[in-house]
Q: 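Can you read through this structure? Questions will come right after.
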Amino acid sequence: MYIYINEASHHLGDEVEIRGWLYNKRSSGKLHFLILRDGTGLMQAVVSKKEVSEEAFETSGNLTQECSLIVTGKVSEEPRSPGGYELHVTDVKLVGKSEDYPITPKEHGIEFLLDHRHLWLRSKRQHAILKVRAETAAAMREYLNSRGFVNLDTPIFTPNACEGTSDLFETEYFGGSAYLAQSGQLYSEAAIMSFGKVYCFGPTFRSEKSKTRRHLTEFWMLEPEVAWLDLDGCMDLEEDFIVEVVARVLDRCAEELKVLGRDTSVLEKVQKPFPRITYDRAAEILKEKGADFTYGTDFGGADETILGESFDRPVFIHHWPADIKAFYMKRDPNDYSKALAVDLLASEGHGELIGGSQREDDLDELLKRLKEHDLPQKYFEWYLDLRRYGSVPHSGFGLGFERTVGWICGTPHIRETILFPRLMHRLEP
RNA sequence: UCCUCGGUAGCUCAAUCGGCAGAGCGGGUGGCUGUUAACCACUAGGUUGGGGGUUCAAGUCCCUCCCGGGGAGCCA
């Protein structure tokens, strides 16, 4: 009977078949210990010379790291085996050989590992991180789907800069130019006028020459957008969302987080309420802690780390100086110099997870913003129409998915949180 | 684009003041009946990133180019 390794506990004493790959092997003359891997877990298989055919014993002695194989044997409990169950082998069949597998069970440098990303994925750590990624995405979708959000995905080819700031990748488009989207937000703003609550979740592209642990050129962004929602409501939503997603991942990925050595007490503290401080207050904190920071500018990586470390859970920073924020953000009616924008910073130097805002819903104000930011009005006529025909107050946010996964996993660099990272100096594999 | 660190065996690294290019892992061969990145013995494996220069002598010093890591700016 063919079973997966994570089903072994239901088959104690049964003769079963495991199909997988050889993770590692140890040998003691008349005894071979095979560590098997099948995608669901690791399991030790013992091949004893006097219990199998001569051919099977020789086959198992010649197995090499990462060859694929089918192993038949009896399941028993064994605390010394990873996973707690062991297979007493009756037969071994080599399926696909693996000669000179490049990634050995020793240390490797990051360049080598990224060059071999297609094989690196098989390692315990990468398997765990990508499993957490999948569960995090599922938890996010479930949260939004169960609360009436409609998932509508936005285009990737765009004619213009959505925010008019970041560098975009330009591509040929039937003799003209198109750009790869860096955000779906503006399109989602159109969608909420039909659906009320929507979200998009997909890849976004930035050709910024950023070589840091927090940047990829292709990354995934989750962007909910909600009609009739103000800035405080947006923070309420973000807070409830993060708390619930983290709780679900803690519950479903306990094993993976253990493999990663993640201090889960940090994640268990992610409970309501998150501190909410103004930009002005954040600037004071930075001044108190002696940071080299100029009021009126955006926070640098070091500033974000200081602010993140100042609290035991993610922290909201709201009411930003309007002139360092995007054109579509609504001004604070009580202080015209401030934008109704909010960033959510994570602890432990993982930086900005979310950027959100209440959007400008007044036609004349928005026209003024476009001029101030020197953006061509003709590309935004459709967006202005949303203010001409039944405009409503509305808000939304964009969550950097890899940064969030990196924070949950505690990985120092987000390149490990995506299957094949795209970086400034890396397009392959 | 700027700052900074690095490039030596398949991998991770060492090589003192400029003086015979080495180790561990991985590979191969042999040994071992409970191993946990198993262990023990033997063995093969090198254009020291490329080019130029200084020197009796360069992995090591100088110039230059290439590639990469970390960071800044920018951003999620």
Side-chain angles (χ1 to χ4, degrees), chain A residues 23-35 42-51 57 61-62 64-66 76 78-83 86 88 98-116 119-120 123-124 161-163 165-168 181-185 203-223 292 297-305 324-326 343-346 349-356 397-407 412-415 417-418 423-426:
Chain A
Y23 189 76
N24 202 355
K25 185 186 77 178
R26 288 178 285 273
S27 203
S28 311
K30 292 174 181 139
L31 206 55
H32 299 303
F33 295 96
L34 314 177
I35 309 296
L42 293 179
M43 188 182 203
Q44 176 165 281
V46 187
V47 191
S48 173
K49 188 165 190 174
K50 56 183 184 186
E51 287 170 29
F57 189 76
N62 291 331
T64 55
Q65 191 190 355
E66 288 300 330
S76 67
E78 173 53 70
R80 286 171 292 186
S81 167
E86 186 174 74
H88 287 268
S98 167
E99 283 166 6
D100 299 324
Y101 187 73
I103 303 180
T104 62
K106 286 285 173 183
E107 284 175 22
H108 298 280
I110 190 62
E111 185 183 359
F112 177 82
L113 290 171
L114 285 172
D115 282 343
H116 295 85
L119 303 175
W120 189 23
S123 76
K124 254 193 255 185
C162 278
E163 303 182 14
T165 52
S166 305
D167 295 315
L168 302 178
Q182 56 159 322
S183 165
Q185 177 203 318
T204 50
F205 308 89
R206 309 244 170 127
S207 72
E208 295 151 359
K209 293 182 177 173
S210 299
K211 296 197 314 178
T212 82
R213 65 185 67 210
R214 302 182 306 280
H215 289 87
L216 300 168
T217 54
E218 177 181 324
F219 66 97
W220 280 57
M221 192 150 65
L222 176 75
E223 296 177 280
D292 179 24
T297 63
D298 206 346
F299 302 128
D303 301 323
E304 286 185 356
T305 301
I324 57 167
K325 285 293 180 184
D343 282 3
L344 183 70
L345 300 187
H350 289 276
E352 183 185 344
L353 300 182
I354 297 180
F397 63 89
L399 173 141
F401 184 58
E402 284 79 11
R403 284 187 185 177
T404 304
V405 175
W407 170 59
H413 198 304
I414 65 169
R415 65 190 159 207
T417 64
I418 187 164
L423 300 155
M424 188 179 157
H425 292 292
R426 182 169 296 279

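Atoms considered below: every heavy atom in the structure, side chains included; atoms not considered: hydrogens, waters and symmetry mates. Proteins come first, then strands; the chains are lettered A, B, ... in the order of their sequence lines, and each starts at number 1. These figures come from a predicted structure and were not determined experimentally.
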Q: Could you tell me whether A/Ile354 contacts a base, only the sugar-phosphate backbone, or nothing, with contacts defined as non-hydrogen atoms closer than 4.0 Å?
A: sugar-phosphate
Q: Using atom C1' in both nucleotides, what's the gap between B/G31 and B/G45 to the nearest angstrom?
A: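 To the nearest whole Å, 23 Å.
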Q: Please work out the stems of RNA chain B from pairs that are Watson-Crick or G-U wobble with both distances under 3.5 Å, keeping only runs of three or more consecutive pairs.
A: B:1-7 with B:66-72, B:10-13 with B:22-25, B:27-31 with B:39-43, B:49-53 with B:61-65
Q: All N/O contacts under 3.5 Å from nucleotides 9-15 of chain B to the protein, with atom names and distances to one decimal?
A:
residue	atom	partner	partner atom	Å
B/C11	O2'	A/Glu107	O	3.3
B/C11	O2'	A/His108	ND1	2.4
B/U12	OP1	A/Gly109	N	2.9
B/U12	O4'	A/Glu107	O	3.3

Q: Got a donor-acceptor contact below 3.5 angstrom from the A/Ser98 side chain to the A/Gln65 backbone?
A: yes
Q: On RNA chain B, nearest-nucleotide positions of A/Phe401 versus A/Pro412: which is more 5'?
A: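 This one resolves to A/Pro412.
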Q: Please report, rounded to the nearest Å, how far the C1' atom of B/A37 is from the NZ atom of A/Lys25.
A: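 After rounding, the reported distance stands at 15 Å.
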Q: Under 4.0 Å, heavy atoms only, any strand: does A/Leu353 hit a base, just the sugar-phosphate, or nothing?
A: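 Sugar-phosphate only.
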Q: Tell me whether A/Asp115 is salt-bridged to A/Arg426, with the criterion being a basic N under 4.0 Å from an acidic carboxylate O.
A: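 Between A/Arg426 and A/Asp115 there is a salt bridge, with a charged N closer than 4.0 Å to a carboxylate O.
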Q: Mind checking if A/His215 touches a base, just sugar-phosphate, or nothing, with heavy atoms under 4.0 Å?
A: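 Base contact - A/His215 has a heavy atom under 4.0 Å of at least one base atom.
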Q: Just by distance, with hydrogens left out, do A/Ser183 and A/Glu223 show a side-chain donor and acceptor under 3.5 Å apart?
A: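 There is such a pair (donor and acceptor under 3.5 Å, judged by atom type) between the side chains of A/Ser183 and A/Glu223.
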Q: Could you check whether the rings of A/His108 and A/Phe112 sit parallel, tilted or perpendicular, using 30° and 60° as the cut-offs?
A: parallel
Q: A/Asp100 has a side chain; which of B/C75, B/A38, B/G27 sits nearest to it?
A: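 Out of B/C75, B/A38, B/G27, the nucleotide with an atom closest to A/Asp100's side chain is B/G27.
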Q: Using whole Å, what does the distance between atom P of nucleotide B/C2 and atom NZ of A/Lys209 come to?
A: 10 Å
Q: Write down the distance separating the C1' atoms in B/U55 and B/A14, rounded off to the nearest Å.
A: 25 Å
Q: Taking atom C1' in both B/C5 and B/G34, compute the distance separating them and give it to the nearest angstrom.
A: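 After rounding to an integer number of Å, I get 46 Å for this pair.
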Q: What about A/Ser210, does its side chain sit under 3.5 Å from the base of B/C74 through a donor-acceptor pair?
A: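 Answer yes: a donor N or O sits under 3.5 Å from an acceptor.
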Q: To the nearest Å, how far apart are A/Arg26 CZ and B/C25 C1'?
A: 15 Å
Q: Quick one: what's the B/S/- string for nucleotides 29-34 of chain B, heavy-atom cutoff under 4.0 Å, read 5' to 3'?
A: ---BBB
Q: Rounding to an integer number of Å, can you tell me how far A/Met43 CE sits from B/U35 C1'?
A: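 Rounding to the nearest Å, CE of A/Met43 and C1' of B/U35 are 16 Å apart.
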Q: Suppose you measure atom C1' in B/G7 against the same atom in B/G50; what distance do you get, rounded to whole Å?
A: 12 Å
Q: Checking all strands, does A/Arg426 fall into the base, sugar-phosphate, or nothing category for heavy-atom contacts under 4.0 angstrom?
A: nothing
Q: Classify the glycosidic conformation of B/C20 as syn or anti, calling it syn when the angle lies within 90° of 0.
A: anti
Q: Remember a base hit wins even if backbone is also touched, and classify A/Asn24 as base, sugar-phosphate or nothing at under 4.0 Å, heavy atoms.
A: sugar-phosphate
Q: Quick check on RNA chain B: between A/Leu423 and A/Ala302, whose nearest nucleotide comes earlier from the 5' end?
A: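 That would be A/Leu423.
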Q: Round to the nearest Å and state the distance from A/Asp298 atom CG to B/A72 atom P.
A: 13 Å
